[in-house]
Amino acid sequence: MRIERQPNFEEFLKALWRSGRPAHLPFYEHLASPGFIAARTGVPFDRMDYDTPGYWETYVDFWMGMGFDCVPMEIPLNCPLNESGGGVTEGSEAWAMFTDREGYERYPWPDESNPIDFRHFDTVAALLPEGAKIVGGVCMGPYEWVSHLMGTVGLSYALADDPDLVREVFDRVGRLHLSAVRQLATHPAIGALRQGDDLGYKTSTFLSPPQLREMVFPVYAGMAEAAHARSKPFILHSCGNLAEVYEDLIETCRIDAKHSFEDVIMPVTEFKRIYGSRITPLGGLDVDVICRSSEEQLRAYTRKLVEECFSDGWWALGTGNSLTDYMPVENYLIVLDEGLRVTGGKGAL
C-alpha cells in the first residue's frame, strides 16, 4: 500500500516558517529504524549499509511511498568510535575513545573541511521525485558526540577534574558540526537543516543549563545561522525534559522547529499551547501509545492531536520520537490514514 501524494516541500516549509497554512497536512519523522523500513518495504534493509546496492533507492522509496514531502537524512562525523566495546556492553561507555588530555591529543580528529561523507546526499538528491527535498544534518549532535567520545562517566569525571579539556572537546566537535552544516546548507536538494542531540531524560537535562549555554547552545546558534543564511529553516530533535532551556533554544539559538515529545514529559499539545506561536512543533504522537493502542483508540488519539496542533497549520503529523523496530507498521499507517481523513485528504487505508 502506497500513499499516492505528490510531494511538495513548499507546503512543509509553510509549517516550518509559520508563514501560512499548508495545502495538505505535512508528515515528519526524525528517523526510521532499519527494522521498521524492512518490515514496511519487504526489503532486508536491516542487513544493508550505505554502500549496499539498493540501499538509498529503498530509503527514498520508503519515505515517498508514505506521502512525505521530504527525506530525513543524517550522516555521522568522520570520528572513529571504539567498536570493540572495551569490555563494556551497555551505554556510551562502550564507544569511548579517551577520557583525558593525552587520549584527546592522540585521537585521529578529521580535517574540519571534510567532517562527514557528503557524497550520500548527492546520491539521494538524484533519486528525489519532483517537489521533494532532503531535511539533512549530522548524525548525533555535539552533546551526544562528546558523551560517546569520552563516555558519560568519563565526561562526568572530566567536568570536575579537567573542565578545560571538556571545553576543548566541545569546541572541536562543535567546529566539525558547524563546518558540516555550512556545507550542507549550500546543497540545492536540501530544503531544511536538522540536528538530533538528546540532551536529557524525563526530569532534567544531562548537563546543567549553564553548561549547555556555554558549550552546546553556541553550536546550535551557529548551525541555525548557517541555515538561515541560505534561507532554510533549522530543526532540532532532542529527547528529554528541556523545560528549563526552551527559551534559550527559541530566543538564543533561534531554532525554527522542535521534534521529540513524550506524553509523560510534556505532550505536544501543551508545547504547542505554550510555544507554538514562536516555534513549530513536529510530530508528538507518543510512541508507546502508537504501539499499544487499538485501532479505535489510535484514531481518536490521532484525531485529537491533528485538531489541536494543526488548527493554524503550523505542525506536522508524526511520532514523538522515531519509527522503531517494535512499532507495528499497521499502527503507524492508521496514524497517517486518520491524519489524511481528518484534514480532508484521501485516506491511506
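Side chains included, hydrogens not; waters and symmetry mates left out as well; all remaining heavy atoms used.
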- prompt: Minimum heavy-atom separation for F261 to P281, with atom names?
  reply: CZ-CB, 3.9 Å
query: Taking all non-hydrogen atoms of both residues, which atom of L298 and which atom of V289 are closest, and how far apart?
result: CD1-O, 4.4 Å
task: State yes or no: are the ring centers of W63 and Y28 separated by less than 6.0 Å?
output: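 Not under 6.0 Å, so no.
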query: With ring centroids as reference points, do F62 and Y59 lie under 6.0 angstrom apart?
result: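 No, they do not, as the ring centres are separated by 6.0 Å or more.
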message: Within the 3.5 Å criterion, strictly below it, is a donor on D49 or T52 matched to an acceptor on the partner's side chain?
response: yes
- prompt: Just checking, is any N or O donor in the side chain of D111 or S113 under 3.5 Å from an acceptor N or O on the other one?
  reply: yes
- prompt: Can you tell me how far CD1 of I265 sits from CG of L242, rounded to the nearest 0.5 angstrom?
  reply: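 L242 atom CG to I265 atom CD1 measures 8.0 Å (nearest 0.5 Å).
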query: How about I279 and F271: do any of their side-chain heavy atoms sit closer than 4.5 Å?
result: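 Sidechains of F271 and I279: in contact.
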- prompt: Is R21 paired with D312 through a side-chain N to carboxylate O contact shorter than 4.0 Å?
  reply: no
task: Salt-bridge test for E74 and R194: reply yes if a basic N is under 4.0 Å from a carboxylate O, no otherwise.
output: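 The answer is yes: the pair qualifies as a salt bridge.
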message: For the residue pair R5 and F27, would you count it as a cation-pi contact if the rule is NZ or CZ under 6.0 angstrom from the ring centre and within 45 degrees of the ring axis?
response: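 Yes.
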message: Taking F9 as the starting point, is it possible to reach L336 by hopping between hydrophobic residues whose side chains are less than 4.5 Å apart?
response: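 Cluster IDs for L336 and F9 differ.
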query: Using the ring of each side chain (for Trp, its six-membered ring), is W145 parallel, tilted or perpendicular to H148, with breaks at 30° and 60°?
result: tilted
Are the side chain of [X] and the backbone N or O of [Y] linked by a donor-acceptor pair below 3.5 Å?
| X | Y | value |
| --- | --- | --- |
| S179 | E112 | yes |
| K202 | N241 | no |
| T186 | Q183 | yes |

field: Partners passing side chain to side chain contact (heavy atoms under 4.5 Å, CB included) against D198 (at least two apart in sequence or in another chain)
entry: E144, H237, C239
- prompt: Who passes side chain to side chain contact (heavy atoms under 4.5 Å, CB included) against P53, sequence neighbours left out?
  reply: none
